[in-house]
Visitor: 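Okay, here's the structure, questions in a sec.
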Amino acid sequence: MRMRNIIYFIKEAMKSLRRNTLLTFATISTASICILILGIAVLITMNASQFMNKLESDVEIIAYMEKDTSGTQIASIKDSIKNIAGVKEVKFVSCEEALENLQESLGKDKYDLKETLEKNPLPDSYQIKTVNPHDVPEIAKRIELLANVKAVTYGKGIVERLFEVTKWVRLVSIFLIGLLAFGAIFLIATTIRLAIYARRKEIYLMKLIGATDGFIRWPFFIEGIILGSFGAAISIVVLALGYQSLIVRMDSLFFLPLITGQDALLVLYISLLITGMFLGVLGTLISINRFLDV
Amino acid sequence: MRMRNIIYFIKEAMKSLRRNTLLTFATISTASICILILGIAVLITMNASQFMNKLESDVEIIAYMEKDTSGTQIASIKDSIKNIAGVKEVKFVSCEEALENLQESLGKDKYDLKETLEKNPLPDSYQIKTVNPHDVPEIAKRIELLANVKAVTYGKGIVERLFEVTKWVRLVSIFLIGLLAFGAIFLIATTIRLAIYARRKEIYLMKLIGATDGFIRWPFFIEGIILGSFGAAISIVVLALGYQSLIVRMDSLFFLPLITGQDALLVLYISLLITGMFLGVLGTLISINRFLDV
Amino acid sequence: MLVQFYNVSKIYPNGVKALDDISLKIDRGEFLFLMGPSGAGKSTLIKMLFREEKPTRGQIFIASRSVVRMKRSEIPSLRRSMGIVFQDFKLLESKTVSENVAFAMEVVGARNHEIKNRVPEVINMVGLKGKEDAFPGQLSGGEQQRVGIARAIANQPLILIADEPTGNLDIDTSNEIMDLLYSINRKGTTIIMATHAREIVKAAHKRVIMLEKGRIITDDSSGDYAL
Amino acid sequence: MLVQFYNVSKIYPNGVKALDDISLKIDRGEFLFLMGPSGAGKSTLIKMLFREEKPTRGQIFIASRSVVRMKRSEIPSLRRSMGIVFQDFKLLESKTVSENVAFAMEVVGARNHEIKNRVPEVINMVGLKGKEDAFPGQLSGGEQQRVGIARAIANQPLILIADEPTGNLDIDTSNEIMDLLYSINRKGTTIIMATHAREIVKAAHKRVIMLEKGRIITDDSSGDYAL
Ligand SMILES: Nc1ncnc2c1ncn2[C@@H]1O[C@H](COP(=O)(O)OP(=O)(O)OP(=O)(O)O)[C@@H](O)[C@H]1O
Ligand SMILES: Nc1ncnc2c1ncn2[C@@H]1O[C@H](COP(=O)(O)OP(=O)(O)OP(=O)(O)O)[C@@H](O)[C@H]1O
Ligand SMILES: [Mg+2]
Ligand SMILES: [Mg+2]
């Protein structure tokens with residue numbers, strides 16, 4: 001396509017956007033609402049996913065030692081555990097620390113366990129984290145086989161439940177994002193189709209005086225791009241401002257941190273912009289052809 | 001309005017729905033997608049809210065007795081606790097049961113605490129549930145003042161966090177439902193406006209040959225009602241089928257029970273139907289007037 | 001006096017002066033031709049009668065009611081007292097020929113059996129028997145124009161306003177339509193007709209008003225039209 | 001031979017037989033009037049030429065190319081070789097008078113400076129100077145019709161097809177437009193014009209084809225038209 005034509009088509013597109021105000025307004029606002037909702041859904045999913053990763057990564061294995069294991073044996077067990085593929089971190093918890101923790105969980109300063117107990121009934125132990133939390137049950141089984149390991153726990157039951165929950169949350173959110181994306185495509189395409197329908201006689205006439213399909217399509221395409229990206233831009237501004245103020249307000253929830261990485265957000269915003277542009281063109285593409293057959 | 005007119009307007013509406021297939025299809029599908037998404041959001045919120053209620057209602061106060069409290073004293077403490085306003089349930093846990101529970105949490109059959117310990121270090125206690133979980137900190141304070149109560153715990157810190165989280169989840173979901181509802185109104189109204197825009201010349205002409213505003217409006221209103229409720233009906237069918245199959249599939253998550261009460265669902269579905277109808281009329285109402293001023 | 005124009009001027013929002021100080025009286029039962037070159041203001045004058053356009057200056061009375069000061073809610077009843085043939089037909093695209101004619105009667109609240117009888121009758125009068133179920137898009141130009149005429153006469157209006165009603169008709173069909181209009185006129189309907197068809201006007205011997213550049217240049221009641 | 005019709009019939013999807021076994025030859029440079037009563041099939045015949053409608057039976061050749069068997073992608077170039085005045089004008093509502101005319105030139109890929117020169121020229125030719133920036137909705141019926149004519153002649157087409165181009169024009173303006181068409185014809189453009197204006201046809205002494213009920217009833221090359 002020659003340069004002259006591109007300029008011509010852009011001019012035509014701008015003119016028609018200005019003259020069909022109702023159609024322009026309807027399409028831009030539809031696009032921005034759809035993309036805003038889609039963007040919010042993606043943000044929520046991103047945050048939920050980060051939170052679930054955090055929950056999952058908290059899952060750890062505790063391996064209890066036999067009561068009469070010697071210091072060197074304990075050290076060699078550490079090496080054996082570290083050698084298991086998928087183990088990320090191994091931390092030693094002495095029996096004294098364990099008692100301290102137990103004391104704490106029962107209510108510190110209320111009962112003095114050490115006072116009540118003549119000797120510490122708890123064993124030394126290792127806390128083990130895995131690279132992939134889903135490997136926990138597998139790795140726990142292998143640690144249990146090591147010499148001098150008396151027992152292994154990892155919140156059996158609870159962990160499986162947690163994984164079951166996160167699996168479902170992920171599935172449902174993918175499904176929802178998919179549904180919203182489909183909805184956005186469909187709604188934007190429908191609005192564009194109605195806007196083009198309102199101008200069907202114009203298209204018909206253009207064909208009658210000899211315009212090629214391409215000649216008619218190009219300005220509509222450019223309109224689609226402008227409408228889609230303009231709508232997306234509006235929604236991105238709203239989303240960015242809203243999310244920023246949410247971050248400030250939810251500061252109290254330090255234990256439930258929101259995604260604040262500017263990189264991740266930037267990627268999201270750019271993707272939304274591209275989505276808008278793409279939907280604008282796609283909507284035009286699937287709508288205009290049925291009016292071109294003259 | 002006379003009966004004859006109602007019948008006439010309904011006939012006109014049906015005819016125009018049949019003849020403007022593209023507009024009919026666009027409006028129905030927009031309405032059904034918007035209402036489907038709104039319905040899914042409400043369902044998710046209802047389930048999340050039920051889940052959060054369950055989490056919150058799990059919060060309980062444990063009141064530890066002094067070691068040397070007599071049986072009658074313990075019984076009288078129970079009465080004192082029950083007399084506190086807002087207390088729902090009081091359950092006695094003897095020191096033996098408490099030890100059993102501790103044993104369990106350390107890994108049953110791995111350590112025999114009873115064997116290691118010479119005497120039980122744990123006290124008798126009461127587990128207390130409140131009518132409103134948010135009263136827990138307040139009530140805990142009052143229990144602590146009772147005679148023979150050595151200490152009171154209720155997961156301080158964790159409970160406050162839980163309440164903070166549920167507060168935010170509730171806020172965010174109300175906001176989202178609001179946004180989606182607004183989006184649905186706007187998108188449906190926009191589609192209807194475009195559909196009416198495509199027929200603006202017809203309306204203009206009707207006015208020119210002497211039709212009153214009401215005479216023109218009525219068939220459009222009826223169309224709005226039909227389109228809105230038909231769109232809603234489609235989305236309700238999809239929603240009901242989808243949710244039913246989800247209930248079956250998520251059966252494994254017995255600890256995260258979905259709302260299955262047919263009453264609650266029926267109320268939801270009927271509300272969605274009314275919403276659809278209402279949006280159809282509202283969209284028509286705000287759209288048609290600007291084309292009537294001839 | 002049925003229609004009175006007092007010093008009516010019309011300046012469109014874009015500054016075009018379409019009518020310039022028009023004063024005019026039309027009697028009940030008259031048959032009036034409006035002539036003049038393209039762009040003289042004929043359609044503008046006609047649009048004033050049923051308030052599609054409002055004059056910029058001046059007063060218009062129809063049956064002693066001021067069309068200019070009329071409330072919005074009174075406009076429908078004004079229009080219902082008239083039958084209007086539009087220069088560009090203005091048919092309802094999504095209704096058939098019968099439905100287009102019936103619609104005009106439904107608007108005035110005619111009874112069902114009246115509509116059922118009258119619609120085929122007027123369709124027949126304009127020579128469109130057999131086209132009852134066609135949509136406007138399936139008709140020739142002249143056929144569409146005649147649907148517009150049928151619609152305008154269906155309600156037996158007090159005033160019939162016709163803007164170039166024979167522009168797309170051959171001479172024979174034109175003559176048939178004119179005969180129809182004369183007979184309606186004889187039954188008491190006042191008719192105002194804008195036209196370019198000199199042959200018709202010459203043969204009619206009715207009052208002719210010539211417009212040019214928005215002004216009345218001749219108002220010849222005798223109908224001895226000559227150009 | 002520029003245009004050839006061989007036994008062309010057209011039956012519309014609703015069963016109406018608009019053309020019935022039409023055979024016809026039109027030479028390069030001819031000026032042809034199509035006449036006949038309303039609904040005779042004039043517009044249908046015209047629509048065949050630029051393939052707005054396809055014949056149900058028969059063959060049509062224009063400049064030796066079959067219009068019937070033409071591929072979809074060849075249609076634009078066929079239409080670009082023609083100028084078309086439509087019975088219902090078919091102006092672009094959202095473009096001004098100038099833009100409407102310019103658009104027809106942009107479609108054929110004319111250069112910018114050509115467009116800038118030619119557009120005011122043809123607008124002037126049809127007597128619409130001063131209306132360049134008006135939108136079609138701001139024009140009188142006859143002015144709209146002349147925009148359609150200006151658009152059709154802008155590209156100096158090989159064939160000019162005009163469907164009732166003077167239906168909304170007074171006699172003086174009609175004569176000016178006809179003079180314009182004759183001069184275009186003299187420069188070599190073939191003109192096919194459907195009309196009801198007997199005065200024009202009588203004065204022209206050109207070939208006249210009379211249609212009735214979809215059939216050619218007379219084809220009078222002498223132009224000694226009489227009815
Ligand atoms: N809506 C409008 N806005 C601006 N100018 C207009 C409008 N309608 C008509 N005009 C202008 O007003 C003048 C008179 O127009 P009008 O339609 O009354 O002419 P007319 O006598 O009916 O002509 P014709 O015989 O061609 O139909 C013309 O110059 C026209 O361009
Ligand atoms: N799209 C269509 N579908 C069905 N029938 C049609 C269609 N277009 C035209 N007709 C019918 O075909 C016949 C010829 O129509 P056409 O438009 O060719 O007439 P015409 O000679 O141009 O008449 P006019 O002088 O009134 O414009 C008419 O009876 C008309 O009703
Ligand atoms: Mg006019
Ligand atoms: Mg025709």
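Quick note: numbers below take in every heavy atom, side chains included, and nothing from hydrogens, waters or symmetry partners.
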Visitor: Tell me the closest heavy-atom pair linking T45(A) and A41(A), and the distance in Å.
Guide: OG1-O, 2.7 Å

Visitor: Of all the heavy-atom pairs spanning L19(D) and G41(D), show the shortest one and how long it is.
Guide: CD2-O, 3.6 Å

Visitor: Determine the option with the most heavy-atom pairs under 4.5 angstrom with chain A, choosing from R51(D), K95(D), E93(D).
Guide: K95(D)

Visitor: Take atom CG of N14(D) as the centre, draw a 6.0 Å sphere, and report whether it contains more than 12 heavy atoms from other residues, nucleotides or ligands.
Guide: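 Yes, enclosed.
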
Visitor: For K11(A), does the NZ atom have more than 12 heavy-atom neighbours from other residues, nucleotides or ligands under 6.0 Å away?
Guide: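 Check fails, neighbour count at 12 or below.
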
Visitor: Are there residues of residues 61-88 of chain D whose heavy atoms fall under 4.5 Å of chain A's heavy atoms? If so, which?
Guide: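 Checking residues 61-88 of chain D against chain A gives R72(D), P76(D), R79(D), R80(D), I84(D), F86(D).
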
Visitor: Applying a heavy-atom distance below 4.5 Å, give me the residues of residues 135-165 of chain D that approach chain A, sorted by number.
Guide: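 Heavy-atom contacts from residues 135-165 of chain D to chain A are F135(D), R151(D).
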
Visitor: Which residues in residues 279-294 of chain A have any heavy atom closer than 4.5 Å to a heavy atom of chain D?
Guide: L292(A), D293(A), V294(A)

Visitor: Taking atom CE of M1(D) as the centre, does the number of heavy atoms from other residues, nucleotides or ligands within less than 6.0 Å exceed 12?
Guide: yes

Visitor: So which atom in L169(D) and which in T173(D) form the shortest heavy-atom distance, rounded to 0.1 Å?
Guide: CD2-CG2, 4.1 Å

Visitor: Do R217(A) and F220(A) meet the cation-pi criteria used here (NZ or CZ under 6.0 Å from the six-membered ring centre, within 45° of the axis)?
Guide: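 No, a cation-pi geometry is absent between R217(A) and F220(A).
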
Visitor: More than 12 foreign heavy atoms under 6.0 Å from CZ of F221(A): is that the case here?
Guide: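 Above 12, so yes.
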
Visitor: Is it the backbone or the side chain of K207(A) that comes under 4.5 Å from a heavy atom of chain D, or both, or neither?
Guide: both

Visitor: Between E99(D) and chain A, with a heavy-atom cut-off of 4.5 Å, which part of the residue counts as in contact: side chain, backbone, both or neither?
Guide: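 When you check distances to chain A, only side chain atoms of E99(D) fall under 4.5 Å.
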
Visitor: If we only count heavy atoms from C-beta on, is the E106(D) to I115(D) side-chain gap below 4.5 Å?
Guide: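 Yes - at least one pair of side-chain heavy atoms lies under 4.5 Å apart.
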
Visitor: In terms of side-chain heavy atoms, does T44(D) have a donor or acceptor partner in Y12(D) at a distance below 3.5 Å?
Guide: yes

Visitor: Do F175(A) and F182(A) have ring centres separated by under 6.0 Å?
Guide: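 No, too far apart.
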
Visitor: Does a side chain donor of either Y6(D) or Q4(D) reach within less than 3.5 Å of an acceptor in the other side chain?
Guide: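 Y6(D) vs Q4(D): donor-acceptor pair found between side chains.
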
Visitor: Evaluate whether atom CZ of F25(A) has more than 12 neighbouring non-hydrogen atoms of other residues, nucleotides or ligands under 6.0 angstrom away.
Guide: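 Count not over threshold, so no.
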
Visitor: Under a 4.5 Å heavy-atom cutoff, which of K15(A), R19(A), E202(A) has the most pairs with chain D?
Guide: R19(A)

Visitor: With sequence neighbours left out, write down each residue that passes salt bridge (charged side-chain N to carboxylate O under 4.0 Å, His left out) with E56(A), or none if nothing qualifies.
Guide: R170(A)

Visitor: Tell me, out of M206(A), E12(A), R199(A), who's got the most heavy-atom pairs with chain D below 4.5 Å.
Guide: M206(A)

Visitor: Give a yes-or-no answer on whether the side chains of T96(D) and E132(D) include a donor-acceptor pair shorter than 3.5 Å.
Guide: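 Side-chain D/A pair, T96(D) to E132(D): absent.
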
